[in-house]
Engineer: 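Here it is: the structure, laid out below.
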Amino acid sequence: MNEQKTIRAVFEQDHDRLDQLFKTFQECKRSSCSLALQSFKEFKFGLQRHIVWEEDLLFPLWEEKTGMKDGGPTMVMRAEHRQIGELFEAIHQKVQAHNPDSDEDEQAMLALLGSHNLKEERILYPSIDQVTTQDERDTIFQNMERIPEERYRVCCGVEAK
């Protein structure tokens with residue numbers, strides 16, 4: 001029997017992976033600068049990729065299927081992505097300066113991410129699964145792998161190697 005992949009399962013798994021990377025960064029930022037930096041970099045690229053997946057692939061499909069674009073949940077999610085990005089960049093600047101005093105920005109970002117991810121996992125992703133076919137979801141998963149790395153592997157305005 002062919003197991004069907006859902007948007008919810010795939011994107012929740014990515015949320016969990018990103019959460020772990022950020023937790024590793026937080027745990028190591030005062031004791032192991034190199035491990036903290038590596039974890040942060042992986043988190044940064046992963047979060048940027050996740051947002052590209054949502055904004056380029058998932059949200060347009062959901063908007064097309066439901067007709068809800070202006071004023072709908074994806075508009076809220078995009079606005080929250082911008083807020084998350086602002087907090088994320090504040091942390092990023094401190095990481096670049098080897099300044100571990102980013103606790104306040106981290107807590108603000110984690111609070112916003114927690115609320116954001118909960119809305120996606122409990123409402124948006126299940127809704128996308130309901131309005132799409134398995135073939136449409138499979139196409140999304142294939143297209144996720146085709147997005148060029150230069151769309152999300154950017155750090156400090158330049159592509160990271």
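What's counted below: heavy atoms across the whole structure, side chains too, no hydrogens, waters or symmetry copies.
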Engineer: How long is the span from the CZ atom in Arg137 to the CG atom in Leu61, to the nearest 0.5 Å?
Structural biologist: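 Between Arg137 CZ and Leu61 CG, I get 10.0 Å after rounding to 0.5 Å.
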
Engineer: Counting the benzene-type ring for Trp, do Phe11 and His50 have ring centres under 6.0 Å apart?
Structural biologist: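 Yes; His50 has its ring centre under 6.0 Å from that of Phe11.
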
Engineer: Members other than Ile91 in its cluster, when Ile, Leu, Val, Met, Phe, Trp, Tyr link by side-chain heavy atoms under 4.5 Å?
Structural biologist: Leu18, Leu21, Phe22, Phe25, Leu37, Phe40, Phe43, Leu47, Ile51, Ile84, Leu87, Phe88, Val95, Met109, Leu110, Leu112, Leu113

Engineer: Let me see the working for Lys69 and Met75 under side chain to side chain contact (heavy atoms under 4.5 Å, CB included), right down to the final yes or no.
Structural biologist: CA-CA 7 Å; Lys69 183 177 182 177; Met75 186 182 91; over 6 Å; no

Engineer: I'd like to check the side chain to side chain donor-acceptor pair (under 3.5 Å) partners of Thr74; sequence neighbours left out, ordered by chain and number.
Structural biologist: Glu63

Engineer: For Lys65, what residues pass the salt bridge (Lys or Arg N to Asp or Glu O under 4.0 Å) criterion, not counting sequence neighbours?
Structural biologist: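 Once residues adjacent in sequence are excluded, the partners of Lys65 under the salt bridge (Lys or Arg N to Asp or Glu O under 4.0 Å) criterion are Glu136.
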
Engineer: By side chain to side chain contact (heavy atoms under 4.5 Å, CB included), which residues pair with Ser115, not counting sequence neighbours?
Structural biologist: Lys119

Engineer: Do you reckon Val76 sits in the same ILVMFWY cluster as Trp53, going by side-chain contacts under 4.5 Å, direct or chained?
Structural biologist: yes

Engineer: My understanding is that only residues two or more places apart in sequence, or in another chain, count here; which of them pass side chain to side chain contact (heavy atoms under 4.5 Å, CB included) with Ser34?
Structural biologist: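 Ser34 satisfies side chain to side chain contact (heavy atoms under 4.5 Å, CB included) with Ser32 once adjacent residues are dropped.
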
Engineer: Is there a path of hydrophobic side-chain contacts, each under 4.5 Å between heavy atoms of I/L/V/M/F/W/Y residues, joining Met77 to Leu118?
Structural biologist: no

Engineer: How would you list, by chain and number, every residue that makes a side chain to side chain donor-acceptor pair (under 3.5 Å) with Glu64, sequence neighbours excluded?
Structural biologist: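 With neighbours one apart ignored, the set is empty.
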
Engineer: Taking side chain as C-beta onward, heavy atoms only, is Leu124 less than 4.5 Å from Ile7?
Structural biologist: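 The answer is no, as the side chains (C-beta and beyond) never meet within the 4.5 Å cut-off.
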
Engineer: State, with a plain yes or no, whether a side-chain heavy atom of His81 is found less than 4.5 Å away from one of Phe59.
Structural biologist: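 When only atoms from C-beta onward are counted, Phe59 and His81 do touch, with a gap below 4.5 Å.
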
Engineer: Consider only side-chain heavy atoms of I, L, V, M, F, W and Y, link residues closer than 4.5 Å, and tell whether Ile123 and Leu58 are in one cluster.
Structural biologist: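 No.
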
Engineer: Given side-chain hydrogen bond (donor to acceptor under 3.5 Å, both in side chains), test Gln20 with Asp16 step by step and report yes or no.
Structural biologist: CA-CA 6 Å; Gln20 187 56 52; Asp16 292 344; over 6 Å; no

Engineer: Taking side chain to side chain donor-acceptor pair (under 3.5 Å) as the test, write out the residues that go with Asp129, two or more places apart.
Structural biologist: none

Engineer: With Glu86, which residues qualify under salt bridge (Lys or Arg N to Asp or Glu O under 4.0 Å), at least two apart?
Structural biologist: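 With sequence neighbours excluded, Glu86 shows a salt bridge (Lys or Arg N to Asp or Glu O under 4.0 Å) to no residue whatsoever.
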
Engineer: Determine the minimum heavy-atom distance between Thr6 and Ala9, stating which atoms define it.
Structural biologist: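 Looking at all heavy atoms of both residues, the closest pair is OG1-N, 3.0 Å.
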
Engineer: Once rounded to the nearest 0.5 Å, what's the spacing between atom CD1 of Ile140 and atom CG of Leu57?
Structural biologist: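 That separation rounds to 5.0 Å.
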
Engineer: List in chain and number order the residues that pass salt bridge (Lys or Arg N to Asp or Glu O under 4.0 Å) with Glu12, two or more places apart in sequence or in another chain; answer none if no residue qualifies.
Structural biologist: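 Applying salt bridge (Lys or Arg N to Asp or Glu O under 4.0 Å) to Glu12 gives Arg8.
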
Engineer: Can you find a heavy atom in the side chain of Glu54 that is under 4.5 Å from one in the side chain of Glu120?
Structural biologist: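 Heavy-atom side-chain distance check passes, below 4.5 Å.
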
Engineer: Listed by chain and number, what are the side chain to side chain contact (heavy atoms under 4.5 Å, CB included) partners of Met68, not counting sequence neighbours?
Structural biologist: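 Met68: side chain to side chain contact (heavy atoms under 4.5 Å, CB included) contacts with Trp62, Thr66, Pro73.
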
Engineer: Taking the side chain as every heavy atom from C-beta outward, state whether Lys41 and Lys44 have any pair of such atoms under 4.5 Å apart.
Structural biologist: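 No, too far: nothing below the 4.5 Å cut-off.
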
Engineer: Measure the spacing between CD of Glu42 and CZ of Arg49 and express it to the nearest 0.5 Å.
Structural biologist: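 So the CD of Glu42 and the CZ of Arg49 are separated by 10.5 Å.
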
Engineer: Atom OG of Ser39 and atom CD of Glu27: how far apart are they, to the nearest 0.5 Å?
Structural biologist: 9.0 Å

Engineer: Measuring from atom OG of Ser102 to atom CD of Gln93, what distance do you get when rounded to the nearest 0.5 angstrom?
Structural biologist: 11.5 Å

Engineer: Is the backbone of Lys5 close enough, under 3.5 Å, to the side chain of Gln134 for a donor and an acceptor to pair up by distance?
Structural biologist: yes

Engineer: Under 4.0 Å between a side-chain nitrogen and a carboxylate oxygen: does that hold for Glu89 and Arg82?
Structural biologist: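 Salt bridge between Glu89 and Arg82, a charged N being under 4.0 Å from a carboxylate O: no.
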
Engineer: Sequence neighbours left out, what pairs pass salt bridge (charged side-chain N to carboxylate O under 4.0 Å, His left out) with at least one residue falling in residues 96-114?
Structural biologist: Lys29-Asp103, Lys29-Glu106, Arg30-Asp101, Arg30-Asp103, Lys94-Asp105

Engineer: Is Gln142 atom CD crowded by more than 12 heavy atoms from other residues, nucleotides or ligands, each under 6.0 Å away?
Structural biologist: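 More than 12 within 6.0 Å, yes.
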
Engineer: Would you please name every residue forming a side chain to side chain donor-acceptor pair (under 3.5 Å) with Arg17, sequence neighbours left out?
Structural biologist: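 Listed in chain order: Asp14.
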
